[in-house]
Amino acid sequence: MQIKIEIAEIVAALTFNQECFLEILNRDYYPFFSEKFPRIHLELETTDEIHYVQPLEACLTFEDDLCRIREEYLDGFFDFRTKKGGAKINLQGLPWALSAFIRNVFTLLLIIEDDAFVFHASAVLKGNKVYIFNGRSGSGKTTISRLSKNCIVLSDDHAVVKKTDDNFFTYATPCWQDYSFGEKKNTAYNIGAIFKLVQDKEAYLKKINKASAITELFTIPHIPAEFLPFERIMDNYHDLLEKIPFYELHFTKDDSFWRCIDAVER
Amino acid sequence: MLWKGKIPFKSPEVAWRTVDGESIIVLTKESRVIVLNEVGTYIWELIDGRRSFQEIVTAVTEEFEVSALRATEESAAFLEEIAAKGIIFLKDKD
């Protein structure tokens with residue numbers, strides 16, 4: 001069996017023999033199914049052998065062009081030269097281990113090959129723009145998402161941002177064990193603004209300078225630091241901040257922060 | 001003084017960019033990011049593995065119109081701080 005999925009304009013052909021993968025892909029990845037020519041090929045198989053105990057020393061390790069991806073119930077790899085990868089997944093780890101494999105492969109490709117960004121952020125669609133709320137664990141990303149009742153929450157943990165034709169767009173991602181709400185479309189969305197979250201006693205926006213904003217954007221998930229092209233990433237962050245406004249968003253635990261955002265947008 | 005007769009040089013394990021007059025330094029092994037203020041950025045940009053501590057102090061004295069004593073104390077304090085973070089190292093003058 002083969003199913004092709006497309007996330008942030010990367011098309012992957014997933015090949016497998018077991019029905020369990022088909023069920024999960026049909027359930028969790030349906031909006032991302034694609035008929036386009038695949039850029040990468042991933043083979044999936046089940047095993048009853050793998051059961052790492054978390055935390056592993058490193059879940060991603062590199063040897064030349066080969067990246068090994070290991071998490072609990074998952075032993076996978078991706079070869080950047082051949083654009084082929086594979087994963088052995090223990091049934092007890094499904095669907096989480098499958099998500100972890102796909103998420104890691106796409107994140108690696110987006111950051112290392114496509115100069116894209118994958119932020120630890122919630123991405124909320126309001127009107128025709130997506131607002132990105134950036135922050136580490138505990139900063140309030142999920143709170144913001146749950147307070148955005150009349151919006152579509154694309155994700156409360158990952159925001160993919162990619163440059164196309166000198167403009168930056170964000171993309172929906174499949175539900176990678178995070179919170180999302182509303183109908184996602186597999187399309188490029190315009191970005192309204194990016195925010196650093198600050199829990200406070202009143203809601204207001206504060207503009208911050210580019211250097212501080214770049215510092216705040218360094219919330220790259222999952223990839224070991226030694227494999228990141230930091231200088232290129234900083235240049236790309238700088239380009240991003242030339243196009244997209246960045247604010248510190250002070251918020252309370254109600255939806256009043258949206259009034260601040262709406263006021264700036266007007 | 002620790003710095004006298006020494007040449008500071010940048011760690012090969014840092015990446016940096018200067019944006020709007022402030023240097024952003026990433027410690028690549030830890031993914032930790034540090035932003036330097038105006039004076040720190042000025043000193044950072046002078047660190048090239050050739051200029052000695054004393055040459056840096058002289059440049060700071062002229063640029064910020066401060067006394068040699070103050071420039072020495074503040075430059076040493078700044079360099080000690082970033083050396084403690086593993087951002088720079090010291091070598092002896094040839």
Side-chain angles (χ1 to χ4, degrees), chain A residues 55 57-62 104 107-108 110-112 115 117-121 134-137 139 158 194 196 206-248, chain B residues 7-51 56 59-60 63-64 66 71 74-91:
Chain A
E57 271 187 23
C59 79
L60 298 187
T61 48
F62 281 79
N104 276 304
T107 302
L108 284 165
L110 284 163
I111 293 175
I112 294 173
D115 278 348
F117 314 115
V118 183
F119 298 126
H120 255 318
N134 208 50
R136 290 171 174 81
S137 298
S139 60
H158 296 86
I194 304 174
K196 174 199 174 182
K206 186 177 155 193
K207 195 100 175 114
I208 62 175
N209 67 31
K210 277 203 190 75
S212 301
I214 288 173
T215 306
E216 296 302 332
L217 290 173
F218 268 99
T219 57
I220 301 162
H222 311 301
I223 300 182
E226 60 264 41
F227 304 110
L228 291 170
F230 281 105
E231 283 167 351
R232 218 169 70 213
I233 288 172
M234 280 193 275
D235 290 341
N236 292 333
Y237 282 164
H238 185 263
D239 287 352
L240 174 72
L241 294 167
E242 290 284 309
K243 302 266 183 192
I244 309 290
F246 189 105
Y247 300 95
E248 208 171 76
Chain B
I7 295 175
F9 63 99
K10 290 168 176 150
S11 163
E13 286 169 1
V14 299
W16 78 93
R17 283 289 183 269
T18 299
V19 175
D20 295 345
E22 292 182 317
S23 287
I24 306 153
I25 300 171
V26 185
L27 287 89
T28 56
K29 285 227 160 163
E30 305 159 46
S31 239
R32 199 147 64 92
V33 189
I34 291 159
V35 180
L36 303 181
N37 64 16
E38 184 194 357
V39 182
T41 296
Y42 183 75
I43 295 173
W44 176 254
E45 290 185 339
L46 290 173
I47 297 171
D48 58 2
R50 292 191 299 272
R51 283 190 183 89
I56 290 170
V60 169
E63 178 69 18
F64 295 98
V66 293
E74 294 196 0
S75 299
F78 169 72
L79 293 170
E80 272 163 31
E81 192 184 328
I82 61 173
K85 290 177 175 144
I87 296 171
I88 60 162
F89 298 105
L90 284 182
K91 63 181 180 183

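Note on naming: letters A, B, ... go to the chains in the order of the sequence lines (proteins, then strands), and numbering restarts at 1 for each one.
Annotation for A:Ala211 and B:Glu22: closest pair CB-OE1, 3.2 Å, computed over non-hydrogen atoms.
Applying the salt bridge (Lys or Arg N to Asp or Glu O under 4.0 Å) rule to B:Glu13 yields the partners B:Lys29; only residues at least two apart in sequence or on another chain are considered. With sequence neighbours excluded, the residues satisfying salt bridge (Lys or Arg N to Asp or Glu O under 4.0 Å) with B:Asp20 are A:Lys210.
We find the CZ-CD1 distance between A:Phe230 and B:Ile25 to be 13.5 Å, quoted to the nearest 0.5 Å. Atoms CD1 and OH, on B:Ile24 and A:Tyr237 in that order, are 11.0 Å from each other to the nearest 0.5 Å. Taken from CE in A:Met234 to OG1 in B:Thr18, the straight-line distance is 9.0 Å, to the nearest 0.5 Å.
Surrounding CD of B:Glu38 are at most 12 heavy atoms belonging to other residues, nucleotides or ligands under 6.0 Å away. Within a 6.0 Å radius of CZ in A:Arg232, more than 12 heavy atoms belonging to other residues, nucleotides or ligands are found.
Evaluated for a side-chain contact (heavy atoms from CB on, under 4.5 Å) with B:Val19, the options A:Asp235, A:Ile214, A:Leu241, A:Asn209 yield exactly one hit, A:Ile214.
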